[in-house]
Amino acid sequence: MKADSEYMNNQGVNTKSEKKVVVVMPAFNAEKTLLKTYNEVMEQGVVDLIIIVDDASHDDTASIAAKLPHTKVYVHEWNRGYGANQKTCYKMALEEGADIIIMIHPDYQYTPKLIPAMVSIIKNNLYECVLGSRILGGYALKGGMPVYKYIANRFITLIENILMGAKLSEYHTGYRAFSRELLVSLPLEDNSDDFVFDNQMLAQIIWFGFTIAEISCPTKYFIDASSLNFRRSVRYGFGCLWVALSFRLSKMHLIYSKLFPKD
């Protein structure tokens with residue numbers, strides 16, 4: 001992979017785990033919150049490396065990231081989209097030999113203080129995937145989630161659970177942890193480069209029979225936290241419903257989808 005801008009420090013900081021833990025941050029215009037998120041991630045004492053992929057931000061995200069120790073930075077030449085950003089994140093993490101990969105947004109909406117718990121769950125082979133759920137615990141609205149987004153979240157999640165035969169509290173969190181074995185098993189390059197990538201990824205995890213754990217995650221909505229506008233939220237919602245319907249139709253052998261291969 002040829003980086004547009006790449007800065008690295010190969011010295012790890014985790015001496016407590018046999019498995020290599022890598023945190024990935026898909027970033028876009030995150031200059032105001034990146035450092036705060038980074039500091040709290042490193043305070044947990046279990047992370048070996050942070051990978052920050054900047055999706056052609058218009059601010060100083062990349063230059064701030066370049067100064068951070070124990071960090072590797074990759075900058076896209078143009079804005080390729082949230083899904084494409086994650087594809088780069090996971091590819092780089094696997095190339096770095098990561099055993100446990102945690103994706104957290106650098107906008108400080110999710111607390112990094114849950115990282116040790118997520119690492120422990122995967123390290124002890126309890127689950128292959130852990131989600132930080134904003135819905136479990138019942139604090140989504142108290143944390144500032146807009147009412148219309150909460151209602152849409154609950155409705156779409158209900159339909160997805162029915163169509164995919166799952167029991168998740170939500171499919172839309174930006175706080176996730178994966179085992180290496182899980183990531184290398186998924187056809188991620190076939191997924192969208194847009195926001196529906198998140199939903200497609202979870203559907204594929206269910207399709208391939210991996211187990212998913214959820215832990216309650218306090219969340220904060222504030223002016224500097226990233227969020228989809230109403231138009232893009234609607235587009236994302238319909239995209240999620242199509243993913244779930246495609247999953248069900250593929251299970252019934254009524255359609256073929258490269259996202260859900262029969263073999």
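Note that this is a predicted model, so its numbers are computed, not measured.
C129 contributes atom SG, which lies 4.0 Å from atom CD1 of I205 (distance to the nearest 0.5 angstrom). Here the CD1-NE2 distance, from I50 to H70, works out to 9.0 Å after rounding to the nearest 0.5 Å.
Taking 4.0 Å as the cut-off between side-chain N and carboxylate O, K32 and D59 do not count as a salt-bridged pair.
Here the closest non-hydrogen pair linking M92 and V53 is SD-CG2, 4.2 Å. Residue C240 comes nearest to I156 through the heavy atom pair CB-CG2, 3.9 Å, listed as atom of the first residue, atom of the second, then distance. Between V47 and V41, the shortest heavy-atom distance links the atoms CG2-CG1, 3.9 Å. Taking each heavy atom of I52 and A65 in turn, the nearest pair found is CD1-CB, 3.7 Å. Summarising the geometry of E181 relative to F210, their closest heavy-atom pair is O-CZ, 4.3 Å, with the distance given to 0.1 Å. Nearest approach of I104 to P26, heavy atoms of both residues: O-CD, 3.8 Å.
Annotation for R154: atom CZ counts as buried by contact number, over 12 foreign heavy atoms lying within 6.0 Å. In F260, the CZ atom is crowded: over 12 heavy atoms of neighbouring residues, nucleotides or ligands sit closer than 6.0 Å.
When only modelled atom types and interatomic distance are considered, T157 and E170 share no side-chain donor-acceptor pair under 3.5 Å. E40 and T111 are linked by a side-chain donor-acceptor pair at a separation below 3.5 angstrom, with hydrogens and angles left out of the test. Side-chain atoms of E160 and N199 form a donor-acceptor pair, as typed in the model, at a separation below 3.5 Å. Neither side chain, D194 nor Y236, offers a donor N or O lying under 3.5 Å from an acceptor on the other. No side-chain N or O of S257 forms a donor-acceptor pair with one of S246 less than 3.5 Å apart.
Follow the hydrophobic side-chain contacts under 4.5 Å out from Y256 and you never reach M164; the two are in separate clusters. There is no path of hydrophobic side-chain contacts, each under 4.5 Å, that joins L136 to Y110.
Residues F208 and S185 are not in side-chain contact: their nearest non-hydrogen atoms beyond the backbone lie 4.5 Å or more apart. The shortest side-chain heavy-atom distance between S179 and I122 falls under the 4.5 Å cut-off. Under the 4.5 Å side-chain criterion, counting only non-hydrogen atoms from C-beta, R134 is in contact with Q109. A 4.5 Å side-chain heavy-atom check between T37 and D107 finds every atom pair outside the cut-off. Residues Y38 and T71 have side chains in contact (heavy-atom distance under 4.5 Å, counting atoms from C-beta outward).
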Under the ring pair (Phe, Tyr, Trp, His ring centres under 6.0 Å) rule, what do H105 and Y82 come out as? Steps first, then yes or no, please. CA-CA 11 Å; H105 292 176; Y82 175 64; 5.5 Å; yes
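Qualifying side-chain hydrogen bond (donor to acceptor under 3.5 Å, both in side chains) partners for S120, counting only residues two or more places apart in sequence or in other chains: N124. Listed by chain and residue number, Y90 satisfy the ring-ring contact (aromatic ring centres under 6.0 Å, His included) test with F178 (two or more places apart in sequence, or in another chain).
None of K87, R80, Q86 except one satisfies the side chain to side chain donor-acceptor pair (under 3.5 Å) rule with D193; the exception is K87.
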